[in-house]
Protein chains: 2
Amino acid sequence: LSRKLIVVIPALEEALRLRIRAEAESMGFETLFFDREEDALPALGEAEILFSHFSSLPARGPALRWVCTPFAGVDDFLAPGVFLSPEPMLSNSSGAYGTTIAEHIVMTALELLRRQMEYAEIVRRREWVRTLPVRSLRGSRITLLGTGDIGQEAALRLRAFLPRSLTGVSRSGKNPGNFFDRVLPVRDLDVVLPETDLLVISLPATAETRGLLDAERLDLLPDQAVLINVGRGSVLDARALESRLRAGRLSAALDVFPREPLPPDSSLWTCPNLLITPHVAGNLNLPYTRERIVELFLEDLENYRCGRPLARRVDLRRGY
Amino acid sequence: LSRKLIVVIPALEEALRLRIRAEAESMGFETLFFDREEDALPALGEAEILFSHFSSLPARGPALRWVCTPFAGVDDFLAPGVFLSPEPMLSNSSGAYGTTIAEHIVMTALELLRRQMEYAEIVRRREWVRTLPVRSLRGSRITLLGTGDIGQEAALRLRAFLPRSLTGVSRSGKNPGNFFDRVLPVRDLDVVLPETDLLVISLPATAETRGLLDAERLDLLPDQAVLINVGRGSVLDARALESRLRAGRLSAALDVFPREPLPPDSSLWTCPNLLITPHVAGNLNLPYTRERIVELFLEDLENYRCGRPLARRVDLRRGY
């Protein structure tokens, strides 16, 4: 067992660590677990595989041939200097987050449509106000910008609420199955925004997606449209969105921000018509998600061992 | 047009009033609309039909042959003295609220499972805490106590979240379609409660349902179970529930209470693990609900005119 696998994912419970160890050993890999980056450094020198979201680690592993992150987004790994040369392969855990993020999407959409933040204020004041007009997902026109695992799982659940339409928008415009009524390429975004009551953004942070939702595109949305961002903060112009939220023209649920943590002096904290969550839609807080990242990693470990292509390999130039 | 229909539903918008007027007139009924109970009294003396939720009105209409309430619950109409003798028929608007209440159910279930109230507090303090363990509807065992329109519409939506099981419980135990994996009679409730991660109660307030969820039955639920009540407050022992919420054994979303408005000095206002809404899950605040109550009323108006049984007639002794 001279081939070494290093795992640095503090959130992993013992049962999942045992599972990784057992399967990796059966494939001929010695497995070492660390909870802190600095503790992993000595062992990293001879490691062949790293399973971790800490982007500081790959540069400390000159023998690394494969790095797998337990997250779906890989933007932290795209900065210069993250990898030594020759570059190891990078893979992600895309496919582990659809369930938890889809639940976040449905929850926050309903919270905004049903004015749950205002009712929370009413209840905090011990008042009994029952007359705020609410809206429904039923009959709504939903656009999912991003048609990967997250967009698909969201669409599966949103369909049960009987929307008028479920439109996917992706780079390719290819329809990945029966999740969406139709899938359009991103160049048609300006056509679909005016027909969108609920816009769900699950795009990765890439050069292509940066600033995609700028002021002009936000203004294409109909009045009172609802926007949910679970992708990356760089996709939308937060300042332009904030002014439209303050004017009451749009409402939004943001789980991701251009700078995280959201700085304490950010004006977004007190922005009306905005539901903030601290990047938890797809975090490792759900047991099912942690099981899935381990299952997906072990699938690709088997691929790696057999010399097959990794199922979730990331194209470093494309960024996902 | 000597047959008079009186409508006293302040929330109805003009377009729906025009629709009622047009269809009722075509069936030979003169229609009068009022927004305040007292304004309706003079006309009520000769009215044959009353469409209103105000239970004070039927006793002022000696010629009434049919009273339709725009609500689903009829408990206000079951008190002695509501109706003169001979009693008019009573019908409700069961079937209008499934959509809006099902959305409330999914939203509050996810808010509790994903600890959204705690995250709201974290965000209020401008903190960036991302580590609260959360739970999922996926793989959960869901029991719907009440298998009518509300239970069915909730089940349709909950199924899309891939629960392990969807069990209905009703008085008869009859399965009303493909909404549930199985439907059990209420005498089997004690068997199903220990296997219930999420309990949704949509029962009417009747002598049979009063106090059904008492302390002993609450204790049959597994630790950390989630309870949602959108039916009537009389169904559960609020004091027993409160002590279990305060102990952190259960969490709950209550939209209905034994006394409404919930009194300002109620200890429930500050109870942890409790999401309170002021009886708005199925109020008339959603345009779709208002459309449906008018459609359902007009269906039964046609039934009435033709001498056919009313589709939503209430059995006053049974209470729904």
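Remember, it's a predicted structure, so these values are computed and weren't measured experimentally. Residue numbers begin at 1 in each chain, while the letters A, B, ... track the order of the sequences.
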| task | Can you tell which part of A:Thr108 gets under 4.5 Å to a heavy atom of chain B, answering side chain, backbone, both or neither? | result | side chain

| note | Nearest heavy-atom contact between B:Ile276 and A:Val123 is O-CG2, 3.4 Å

| What part of A:Arg159 lies closer than 4.5 angstrom to a heavy atom of chain B: side chain, backbone, both or neither? | neither

| request: Check whether any side-chain N or O of A:Arg130 sits under 3.5 Å from a backbone N or O of B:Asn283 as a donor-acceptor pair, and report yes or no. | output: no

| said: Please identify, among A:Pro263, A:Pro133, A:Ser136, the residue contributing the most non-hydrogen atom pairs under 4.5 Å to chain B. | reply: A:Ser136

| field | Considering all heavy atoms, the nearest A:Val134-B:Pro287 contact | value | O-CD, 3.5 Å

| query | Tell me, side chain or backbone of A:Phe161 under 4.5 Å from chain B's heavy atoms, or both, or neither? | reply | both

| remark: Under 4.5 Å to a heavy atom of chain B? For A:Leu132 that would be backbone

| A:Leu156 versus chain B, the contacting section by heavy-atom distance below 4.5 Å | backbone

| request: Answer with yes or no whether the side chains of B:Thr100 and A:Arg114 bring together a donor and an acceptor at under 3.5 Å. | output: yes

| task | Let me know if A:Leu137 has heavy atoms under 4.5 Å from chain B in its side chain, its backbone, both or neither. | result | both

| message | For the interface with chain B, which of A:Arg124, A:Glu260, A:Met117, A:Arg157 has the highest count of heavy-atom pairs at distances below 4.5 Å? | response | A:Arg157

| remark: Checked A:Arg135, A:Glu153, A:His104, A:Glu127 vs chain B; the most non-hydrogen pairs under 4.5 Å come from A:His104

| task | Can you sort out the partners of B:Ser52 under side-chain contact (heavy atoms from CB on, under 4.5 Å), two or more places apart, ordered by chain and number? | result | B:Val8, B:Leu50, B:Phe54, B:Leu57

| field | side chain to side chain donor-acceptor pair (under 3.5 Å) pairs, two or more places apart, involving residues 267-276 of chain B | value | B:Glu242-B:Ser267

| field | Side-chain donor-acceptor contact under 3.5 Å, A:Glu111 with B:Gln116 | value | yes

